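In this text the structure is predicted, and so the values were computed from the model without any measurement. In listed order, ligands and their atoms are each counted from 1.
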Amino acid sequence: MTELSEAIPVPSVPSGLMGEPSASGRFGDFGGVYVPETLIGPCQELDQAFRSAWGDPIFREELNSLLATYAGRPSPLSECLNLSKELGVRVLLKREDLNHTGSHKINNVLGQALLANRMGKTSLVAETGAGQHGVATATAAALFGMDCVVYMGSVDIARQELNVFRMRLLGAEVRSAESGSGTLKDAVNEAMRHWVSVSESSHYCLGSVMGPHPYPWMVREFQRVIGDEARHQSAELLDGGVPDVVVASVGGGSNAAGIFTGFVDTAAQLVGVEPAGGAAISRGVPGIVHGSRSYLLQDEWGQVQEAESISAGLDYPGVGPEHSHLAATGRAVYKQVTDSEVIEAFTLLARTEGIICALECAHALAWVSRARSELQGSTVLLNLSGRGDKDVAQMMGLLG
Ligand SMILES: *Cc1c(COP(=O)(O)O)cnc(C)c1O
């Protein structure tokens with residue numbers, strides 16, 4: 001990759017981006033509700049329930065109180081003096097790694113669990129890949145006294161036994177998704193199939209800004225707390241200004257969407273970073289999967305292709321529809337990094353700042369590090385989506 005290709009266009013401050021989707025649940029040409037007829041009703045019920053809850057100050061207050069007293073919000077903004085010196089770029093980290101359960105996923109899950117409770121649902125069903133969203137959902141289910149079923153690909157169950165045990169410890173039932181390749185996309189399929197049969201009593205707690213409307217919108221709204229806090233915190237640090245660049249890793253795209261909401265109306269450049277082996281926006285084509293239209297990795301026959309990345313949390317062949325729209329409008333740009341760049345960034349942050357981060361957000365740092373010459377002297381806000389405890393065994397195997 002040449003240095004010049006890192007140059008990112010200066011955004012014109014747009015209007016109307018990251019607002020409500022259209023009545024048919026679309027962001028531009030992307031999104032929608034591509035589900036079997038039996039799920040149209042449950043999706044509509046959820047849309048109405050979310051609209052009413054999100055407009056209700058009591059619901060907002062309950063959620064804010066949970067985020068503060070249970071998840072530990074607000075998460076701090078850390079200025080990285082050592083790293084900044086090393087890169088020649090002023091780096092600020094939004095510390096989602098310090099949340100309860102170790103990542104941004106808890107923000108969304110607490111929102112959805114509170115909503116499910118308000119809807120009178122008594123159980124949660126979820127999908128999980130590496131297990132992080134499954135653990136967060138099992139955590140919320142325990143807190144709310146709800147039953148919890150988590151679908152996980154058979155291959156992922158075998159390679160993530162610690163998270164499987166965590167979910168069981170939290171009282172959840174982990175079910176193996178045996179179809180397809182036994183990974184995340186198959187777990188989503190089976191969770192949706194299960195939801196059809198139990199939607200009366202059960203809420204499907206989806207883990208990212210994907211799936212049929214209202215999920216991409218609702219999950220982004222539950223994650224916007226990251227951007228709202230970061231906007232306020234960076235203004236305090238930057239004399240009322242905003243960072244030059246806001247960067248986040250993109251799997252389904254929820255942590256990126258969360259932090260982007262806080263800056264979409266500013267002149268800050270928005271950058272999403274995908275793994276080279278799962279670069280749905282950079283290398284995919286528009287298609288329909290898991291209920292919505294978005295960029296998607298497909299083979300020559302139009303079949304969904306497997307994503308492959310060092311980070312199981314980014315092993316997803318699609319991307320949330322709003323990111324496809326942000327890419328199409330040019331408001332955000334999407335970059336790819338390789339596994340070896342990610343490993344280097346992971347060790348760099350540990351060595352310079354004493355922070356062992358999740359491999360997912362090491363993707364965002366890998367891009368900053370590679371683009372450092374174009375970024376000289378600028379201020380970069382990086383969403384540190386999670387902590388790296390879950391990844392140290394894997395890294396020990398690689399670097400030990
Ligand atoms: C799940 C996960 C991601 C990827 O999901 P998004 O929806 O793209 O945010 C990123 N970072 C961490 C720490 C995760 O657990």
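Using a 4.0 Å cut-off between a side-chain N of Lys or Arg and a carboxylate O of Asp or Glu, Glu190 and Arg175 do not qualify as a salt bridge. Note on Asp228 versus Arg73: no salt bridge recorded, every NZ/NE/NH1/NH2 to OD/OE distance being 4.0 Å or above.
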**Message:** The test is ring pair (Phe, Tyr, Trp, His ring centres under 6.0 Å); show your working for Phe50 and Trp217 and say whether it passes.
**Reply:** CA-CA 10 Å; Phe50 173 66; Trp217 172 47; 5.0 Å; yes

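Residues lining ligand 1 at a heavy-atom distance below 4.0 Å are given as Ser103, His104, Lys105, Gln132, Ser208, Ser249, Val250, Gly251, Gly252, Gly253, Ser254, Asn255, Gly313, Leu314, Ala358, Glu360, Ser385, Gly386, ordered by chain and residue number.
Taking the six-membered ring for Trp and thresholds of 30 and 60 degrees, Trp54 and Phe222 have ring planes more than 60 degrees apart, a perpendicular arrangement. Ring orientation note: the planes of His100 and Tyr70 are nearly perpendicular, at an angle over 60° on the 30°/60° scale.
A search for side-chain hydrogen bond (donor to acceptor under 3.5 Å, both in side chains) contacts involving Tyr215 returns nothing, not counting sequence neighbours.
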